[in-house]
Amino acid sequence: MTQPKNKVVIFLGPPGAGKGTQAERLAAEQHLVKISTGDILRDHVVRGTELGQQIKPMLDAGKLVPDDILIALIRDRLADMEGIRVIFDGFPRTRAQAEELDVLLEELGAPVDHVPLLEVPDELLIERIVARGRQAAADGGTGRSDDTEEVARHRQDVFREQTQPLIDYYSARGHLEHVDGVGSMEEVYARILKSMK
């Protein structure tokens, strides 16, 4: 079975939903390039490109990189690809970024195909995150500093506030696919594949 030339997937899901793991697997099995804006930013800084020199002071100061620069970085990354087969992880974060990304992808002839949204009840997410912190501590590590119940609850609130506009945007465009994120990794992965049929 030949893979379609272009495929664009944007993963959405709250902290603790397991989207990173699922995105990695999907990328490997469907020959997609996983695009993380954080990785791209760090790469430009390390290589000392013109964009890298522009963004280094912002990153050093802990400031957010403006949308136009993020889109320029993504444009630069996609320009080298023969076929645009990508999965976005952690981008877009706002409706404005989603709109800009859509314009860029339309220009490149590779519009968004799928936006799976992993849905897991808050209480279960918080249990997972706290358990992850305990496990890391039990393994002799210090655990992730953000893996406490209080911080986990705050992160869910922030996620909802920031992501609801994205959910509404992709839903209105007919791209959003609700995926039940409760169950084993295998079960959830099978649901993601089914939603993308």
Side-chain angles (χ1 to χ4, degrees), residues 3-118 144-146 155 158-167 169-170 173 175-177 179 189 192 196:
Q3 300 276 7
K5 189 175 176 218
N6 295 333
K7 186 168 199 168
V8 177
V9 180
I10 295 169
F11 248 87
L12 296 178
K19 67 180 180 299
T21 310
Q22 299 288 2
E24 290 280 352
R25 181 169 175 187
L26 192 68
E29 290 188 8
Q30 301 215 348
H31 309 288
L32 301 167
V33 175
K34 192 159 167 275
I35 292 189
S36 151
T37 46
D39 292 347
I40 296 176
L41 292 170
R42 286 185 288 276
D43 176 58
H44 275 270
V45 170
V46 167
R47 289 190 291 130
T49 64
E50 198 177 314
L51 268 170
Q53 289 168 22
Q54 203 180 334
I55 58 182
K56 188 178 186 309
M58 297 177 205
L59 296 178
D60 289 347
K63 291 182 179 161
L64 289 175
V65 174
D67 288 355
D68 59 331
I69 293 179
L70 286 175
I71 291 291
L73 289 168
I74 290 169
R75 180 187 294 277
D76 178 65
R77 180 75 178 83
L78 299 180
D80 306 336
M81 294 185 175
E82 215 169 291
I84 296 174
R85 297 184 55 77
V86 295
I87 184 163
F88 284 96
D89 182 23
F91 186 87
R93 286 187 186 274
T94 64
R95 186 182 173 117
Q97 288 177 354
E99 288 169 354
E100 291 263 348
L101 181 62
D102 266 349
V103 170
L104 169 62
L105 291 169
E106 292 285 350
E107 265 175 44
L108 297 170
V112 172
D113 293 293
H114 304 284
V115 184
L117 169 66
L118 283 185
R144 283 177 50 164
S145 59
D146 59 353
R155 284 170 69 204
V158 169
F159 167 78
R160 248 193 307 274
E161 197 176 296
Q162 289 183 340
T163 313
Q164 195 56 52
L166 280 180
I167 292 170
Y169 176 75
Y170 286 119
R173 292 179 72 88
H175 296 312
L176 195 76
E177 290 134 5
V179 178
Y189 187 68
I192 292 168
M196 289 169 53

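The figures here come from the full heavy-atom set of this structure, side chains too, leaving out hydrogens, waters and symmetry mates.
- Sorted by first and then second residue, the side chain to side chain donor-acceptor pair (under 3.5 Å) pairs involving residues 55-71 (not counting sequence neighbours) are K56-D60, D67-Q97.
- E161 has its side chain out of reach of V158: every pair of non-hydrogen atoms, C-beta onward, lies at least 4.5 Å apart.
- Residues passing the salt bridge (Lys or Arg N to Asp or Glu O under 4.0 Å) test with R160, sequence neighbours excluded: D122, D157.
- Applying the side chain to side chain donor-acceptor pair (under 3.5 Å) criterion to D113, with sequence neighbours excluded, gives no partner residue.
- Interatomic distance, CD1 of I69 versus CE of M58, reported as 3.5 Å (0.5 Å rounding).
- Residue I71 comes nearest to L101 through the heavy atom pair CD1-N, 3.7 Å, listed as atom of the first residue, atom of the second, then distance.
- Counting only heavy atoms from C-beta outward, the side chains of Y189 and L26 approach each other to under 4.5 Å.
- Closest approach of I10 and P92 over heavy atoms only: CG2-CD, 3.8 Å.
- In this structure, the side chains of P165 and T94 stay at 4.5 Å or more apart for every pair of heavy atoms.
- The distance from the CG atom of L70 to the CD1 atom of I40 is 9.0 Å, given to the nearest 0.5 Å.
- Evaluation of the side-chain contact (heavy atoms from CB on, under 4.5 Å) rule for T163 yields L12, F159, L166, I167 as partners, not counting sequence neighbours.
- With sequence neighbours excluded, no residue forms a salt bridge (Lys or Arg N to Asp or Glu O under 4.0 Å) with R77.
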Problem set entry | Verdict with supporting geometry, V112 and L105, side chain to side chain contact (heavy atoms under 4.5 Å, CB included) | CA-CA 7 Å; V112 172; L105 291 169; 3.7 Å; yes
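- Counting all heavy atoms, side chain and backbone alike, I87 lies closest to A27 at CG2-CB, 3.9 Å.
- Contacts of Q54 classified as side chain to side chain donor-acceptor pair (under 3.5 Å), with partners at least two apart in sequence or in another chain: none.
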For this session: Quick one: do Y170 and L117 satisfy side chain to side chain contact (heavy atoms under 4.5 Å, CB included)? Show the steps, please.
Result: CA-CA 10 Å; Y170 286 119; L117 169 66; over 6 Å; no
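- In this structure T49 satisfies the side chain to side chain donor-acceptor pair (under 3.5 Å) test together with H44, sequence neighbours excluded.
- Among residues at least two apart or in separate chains, there is no side chain to side chain donor-acceptor pair (under 3.5 Å) pair with a member in residues 11-23.
- T37 has its side chain out of reach of L73: every pair of non-hydrogen atoms, C-beta onward, lies at least 4.5 Å apart.
- Closest of all the heavy-atom pairs between M196 and H114 is O-CE1, 3.0 Å.
- Annotation: salt bridge (Lys or Arg N to Asp or Glu O under 4.0 Å) contacts involving residues 86-107, sequence neighbours excluded, comprise K34-D89, R75-E107, R95-E99, D102-R173.
- Smallest separation of non-hydrogen atoms from Q53 and G48: NE2-O, 2.9 Å.
- Applying the side chain to side chain donor-acceptor pair (under 3.5 Å) test to H175 and every residue at least two apart in sequence or in another chain returns nothing.
- Under the side-chain contact (heavy atoms from CB on, under 4.5 Å) criterion, D39 pairs with S36, R42, not counting sequence neighbours.
- Under the 4.5 Å side-chain criterion, counting only non-hydrogen atoms from C-beta, I35 is in contact with L78.
- The heavy-atom pair separating F91 from I74 by the smallest distance is CE2-CD1, 3.3 Å.
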